Protein chains: 2
Amino acid sequence: MRLTRAGEYAIRCIMYLSYKGKGKLVSKKEIAAKCAIPTHFLSKIAQELQKAKILEIKQGPRGGFVLTKDPSELTLLEVIEAIIGEIYLNDCIARPEMCEASNICAVHKVWQKARRELRNILNSVTFDKLVKDPKCIPNFDKEI
Amino acid sequence: MRLTRAGEYAIRCIMYLSYKGKGKLVSKKEIAAKCAIPTHFLSKIAQELQKAKILEIKQGPRGGFVLTKDPSELTLLEVIEAIIGEIYLNDCIARPEMCEASNICAVHKVWQKARRELRNILNSVTFDKLVKDPKCIPNFDKEI
DNA sequence: CGGTTTTTAGATATTTTTACTCTTAAATGT
DNA sequence: ACATTTAAGAGTAAAAATATCTAAAAACCG
Ligand code: SF4
Ligand code: SF4
């Protein structure tokens, strides 16, 4: 019950793009270096984020990624679920038909609540707030 | 980011034992049948639950499992973490040294909060309450 | 005591997921 | 045209999940 590496990398990538600002083009190489993400893996992650309309990919020399959403409108939950899919916590929340008891099960109700709370917390945090605290991006300022 | 099958099975097993009552011996075969758990897999799960002092295993004919904790003192969180280990949600919460930014990272703080809330929710539910609602154990009453 | 039943505990096996990596090709600035 | 940069998808290695198998131990029964 933990976030995958791809999810964590996606957050770091968007953190860096948010720090640079919406609409600003940043090269893949730079992001990979600053955020400690394997470059080829970053490609895969960026593709998913593009599908989710969070960023746009520009090819060619001077290519890279551009954040298309305003950091103030973009939450942790959106980025995470773009990569790992919707969070459910337990299988019977995703597919209630897998357990005949799901419509009356007391445990099921706890998972529903837990899921709602977790997603609320992750959805209440926007990237503009995250990057506003300069301390949270200690090595973004360093030269590459 | 979801509970493993072993975790779900553990909850069902303890649900059934709680329904039968603390100190009551129930055979493995019966639990496996009622809770739809592969019998051999149930052995492995029971071993973990015994290590966590939640139940005791009795061998021999008329053997089985006995709940050693009072259902009112036993929470969902205890049972789950006995099987899947402590919940952390993100690697850097389990091992802050894996990311140099962890002591100042704003995202890290969100995960700390999310983890605390999730564990609180799971820890606030005891098994006596779960089994008190007769509807949550629809097929426990059926004959085997 | 000896046989039968029931579970143990560890080894093994299969499948799925994770976490990358490689390769070929496409896009684009100069 | 050509060099640079990324795309897209196939491929792979390792880990985790999900069981299953087997030899043996425990305990009841007659
Ligand atoms: S028993 Fe309850 S919690 Fe478990 S799978 Fe069924 S509905 Fe979900
Ligand atoms: S960047 Fe923040 S959230 Fe991500 S691993 Fe480091 S401390 Fe954790």
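These values consider heavy atoms only, across backbone and side chains, with no hydrogens, waters or symmetry-generated copies. Letters A, B, ... mirror the listed sequences (proteins, then strands); counts begin at 1. Fair warning: this is a prediction, and the values are worked out from it, not measured in the lab.
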Counting heavy atoms from C-beta on, name the nucleotide in dT20(D), dT7(C), dT18(D) closest to the side chain of His40(B).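 Among the listed nucleotides, the one closest to the side chain of His40(B) is dT20(D).
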
Distance check needed: [N] [atom2] versus [X] [atom1], whole Å only.
X	N	atom1	atom2	result
Phe41(B)	dA16(D)	CZ	C1'	11 Å
Gln59(B)	dA9(C)	CD	P	7 Å
Arg2(B)	dA17(D)	CZ	C1'	9 Å
Gln47(A)	dG9(D)	CD	P	7 Å
Ile83(B)	dA16(D)	CD1	C1'	15 Å
Lys44(A)	dG11(D)	NZ	C1'	10 Å
Lys28(A)	dA27(C)	NZ	P	16 Å
Leu42(B)	dC21(D)	CG	C1'	16 Å

What is the distance from atom CZ of Phe65(B) to atom CD of Glu30(B), rounded to the nearest 0.5 Å? 11.5 Å

So which atom in Val131(B) and which in Tyr19(B) form the shortest heavy-atom distance, rounded to 0.1 Å? CG1-N, 3.9 Å

Closest non-hydrogen atom pair between Ala106(A) and Leu130(B), with its separation: CB-CD2, 3.6 Å

Report yes if a side-chain nitrogen or oxygen of [X] is closer than 4.0 Å to either non-bridging phosphate oxygen (OP1 or OP2) of [N]; otherwise report no.
X	N	result
Arg5(B)	dA19(D)	yes
Ser43(A)	dA7(D)	yes
Tyr9(B)	dT18(D)	no

Toward the 5' end of DNA chain C, by each residue's nearest nucleotide, Gln50(B) or Thr4(A): Gln50(B)

Does Arg62(A) or Ile57(B) map to a spot on DNA chain C nearer the 5' end, using the closest nucleotide for each?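 By nearest-heavy-atom nucleotide position, the 5'-most residue is Ile57(B).
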
Polar contact flag, side-chain donor to acceptor under 3.5 angstrom, Lys28(A)-Ser43(A): yes

Residue pair Gly60(B)/Lys29(A) against DNA chain D: nearer the 5' end by closest nucleotide is Lys29(A)

Between Glu8(A) and Arg12(A), is there a salt bridge with N-O shorter than 4.0 Å? yes

